[in-house]
Amino acid sequence: MTECRTPGALPRRSAGGRSVWGSLAAVVLLAVSACSSTPDRAVGERELRELGSSGRAVQARERTEERLRDVALAYADRTSLSLGLVVVHDVCVPGSGPGWFFQQETDNYKIACSMNVTAYYGADPEHMGDTLDGVLAAGDRDRSGPRSSGGSIPFTHTGYGVRLVAYYRDEGPNPQGAKAAEPTRLSAQGQTLTWDTSRDRGSRRLVEEPYAGLVDDPPVSRVVRAPKAATVAAIRKRYGSVIRLELPYRDYFGVLKNGRTRTAAPS
């Protein structure tokens, strides 16, 4: 009988909070089309799909998606941002097989699954300072209050964030330098906010539409857009500006070569 355990989170890279599988997300798309039993893969396509569709995998997938969506919703519920589109990307990849020459962090796995969420919000470009200040204030409250199971906003009124708000309120210089381009990015604890430029109309840089090349072929690669018909262009037309939130890939399920399973620890 196969033993099932839940010892905690799957192995991660230490840099930037990126997961083992999140860092491989780009090449996973190639693996989807070349999914066959080869010496450098721990399992073939059939077993990969069977394991990725198991009851434990489905339960872990649903829990993880709910938690990540809760984070995206927290920004809409607790700031002035208006949520317009959520994109979920969920991948299951095979572990490395005996034919793989280099040692990998996947050597002990048959499969591992991870997920990330990208959310797109509408914002008023004329009040970007107030918008960002509201995000930082929500993060301040998260930091000072009790930690919950989801919805954590990591951005606070410290350092760069304070200077960024002052810049957009015309109360301080560009935090990246006097001759630098308009800042459009803020990162903390693996989360990244990116927004349309609003000051330099001559060379405006805009948040792009979600990548259209993601393969929807679950459980190997699953893509969910909500609402399905929503676009970044439509959000911009309605609100004037777009802010994108990128949440890091979260490992949520894995099957070791000894048959044990691992699921992400509650957060």
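Note that the structure is predicted; figures quoted are calculated from it, not measured.
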In Å, rounded to the nearest 0.5 Å, how long is the span from [atom1] of [X] to [atom2] of [Y]?
{"X": "Ile111", "Y": "Leu256", "atom1": "CD1", "atom2": "CG", "answer": "10.5 Å"}
{"X": "Lys237", "Y": "Thr231", "atom1": "NZ", "atom2": "OG1", "answer": "9.5 Å"}
{"X": "Arg244", "Y": "Thr184", "atom1": "CZ", "atom2": "OG1", "answer": "9.0 Å"}
{"X": "Leu247", "Y": "Leu68", "atom1": "CG", "atom2": "CG", "answer": "6.0 Å"}
{"X": "His127", "Y": "Ser80", "atom1": "NE2", "atom2": "OG", "answer": "10.0 Å"}

In terms of heavy-atom contacts, does CD of Glu171 have more than 12 from other residues, nucleotides or ligands at under 6.0 Å?
->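 More than 12 heavy atoms, drawn from other residues, nucleotides or ligands, come within 6.0 Å of this atom.
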Residues, nucleotides or ligands: over 12 heavy atoms within 6.0 Å of Arg63 CZ |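 Buried by this count: over 12 neighbours within 6.0 Å.
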Please answer: with hydrophobic residues joined when any side-chain heavy atoms are less than 4.5 Å apart, are Tyr211 and Val223 in the same cluster?
->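 Yes, Tyr211 connects to Val223 through the hydrophobic network.
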Under a 4.5 Å side-chain heavy-atom rule over Ile, Leu, Val, Met, Phe, Trp and Tyr, are Val162 and Leu132 clustered together?
->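 Val162 does not cluster with Leu132.
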Starting from the C-alpha separation in whole Å, work towards a yes-or-no answer on side-chain contact (heavy atoms from CB on, under 4.5 Å) for Phe253 and Gln59.
-> CA-CA 10 Å; Phe253 180 77; Gln59 291 177 0; over 6 Å; no
Would you sort out whether Glu47 and Val255 count as a side-chain contact (heavy atoms from CB on, under 4.5 Å), showing the intermediate values?
-> CA-CA 11 Å; Glu47 187 173 4; Val255 179; over 6 Å; no
Side chain [X], main chain [Y], donor-acceptor under 3.5 Å:
{"X": "Asp90", "Y": "Pro219", "answer": "no"}
{"X": "Glu209", "Y": "Ala233", "answer": "yes"}
{"X": "Ser221", "Y": "Asp217", "answer": "no"}
{"X": "Asp140", "Y": "His157", "answer": "yes"}
{"X": "Asp196", "Y": "Val242", "answer": "yes"}
{"X": "Glu182", "Y": "Ser198", "answer": "yes"}
{"X": "Thr197", "Y": "Arg205", "answer": "yes"}
{"X": "Asp133", "Y": "Val165", "answer": "no"}

Do [X] and [Y] come close enough that some side-chain heavy atom pair is under 4.5 Å?
{"X": "Tyr167", "Y": "Gln176", "result": "no"}
{"X": "Arg199", "Y": "Asn174", "result": "no"}
{"X": "Gln191", "Y": "Tyr75", "result": "yes"}
{"X": "Ser187", "Y": "Tyr160", "result": "no"}
{"X": "Thr118", "Y": "Pro210", "result": "no"}
{"X": "Pro154", "Y": "Asp142", "result": "no"}
{"X": "Ser152", "Y": "Val71", "result": "no"}
{"X": "Val88", "Y": "Met115", "result": "yes"}

Criterion side-chain contact (heavy atoms from CB on, under 4.5 Å) against Leu186, the qualifying member of Leu136, Thr194, Thr192, Ile243 =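 Only one option passes, and that is Leu136.
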Result of checking Leu85, Val135, Ile235, Leu245 against Tyr121 for side-chain contact (heavy atoms from CB on, under 4.5 Å) =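 When side-chain contact (heavy atoms from CB on, under 4.5 Å) is applied between Tyr121 and each of Leu85, Val135, Ile235, Leu245, only Leu245 qualifies.
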Mind listing the closest non-hydrogen atom pair of [X] and [Y] along with its distance?
{"X": "Ala138", "Y": "Thr79", "value": "CB-CG2, 4.1 Å"}
{"X": "Leu83", "Y": "Ala76", "value": "CB-CB, 3.9 Å"}
{"X": "Lys110", "Y": "Val43", "value": "O-CG2, 3.5 Å"}
{"X": "Pro183", "Y": "Leu164", "value": "CG-CD1, 3.5 Å"}
{"X": "Gly84", "Y": "Pro227", "value": "O-CD, 3.4 Å"}

Trp195 vs Tyr168 aromatic rings, parallel, tilted or perpendicular, using cut-offs 30° and 60°?
->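 Plane angle over 60°, so perpendicular.
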Taking only residues two or more places apart in sequence, or in another chain, which ones meet Tyr239 in a side-chain hydrogen bond (donor to acceptor under 3.5 Å, both in side chains)?
->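 Testing Tyr239 for side-chain hydrogen bond (donor to acceptor under 3.5 Å, both in side chains), a comparison that skips the adjacent residues, returns none.
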Salt bridge (Lys or Arg N to Asp or Glu O under 4.0 Å) involving Asp130 - partner list, sequence neighbours excluded =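 Asp130 satisfies salt bridge (Lys or Arg N to Asp or Glu O under 4.0 Å) with Arg169 only.
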Evaluation steps, salt bridge (Lys or Arg N to Asp or Glu O under 4.0 Å), between Glu65 and Arg61 | CA-CA 6 Å; Glu65 181 171 342; Arg61 182 173 298 124; over 6 Å; no
Without hydrogens or angle criteria, can the side chains of Thr261 and Arg56 be said to hold a donor-acceptor pair below 3.5 Å?
->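 A pair is found: one side chain offers a donor N or O, the other an acceptor, under 3.5 Å apart.
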Side-chain ion pair, Arg46 and Glu50, N-O less than 4.0 Å |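 Salt bridge between Arg46 and Glu50, a charged N being under 4.0 Å from a carboxylate O: yes.
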Audit row: Asp216, Arg225, salt bridge (Lys or Arg N to Asp or Glu O under 4.0 Å) steps and yes/no | CA-CA 11 Å; Asp216 187 28; Arg225 291 177 62 120; over 6 Å; no
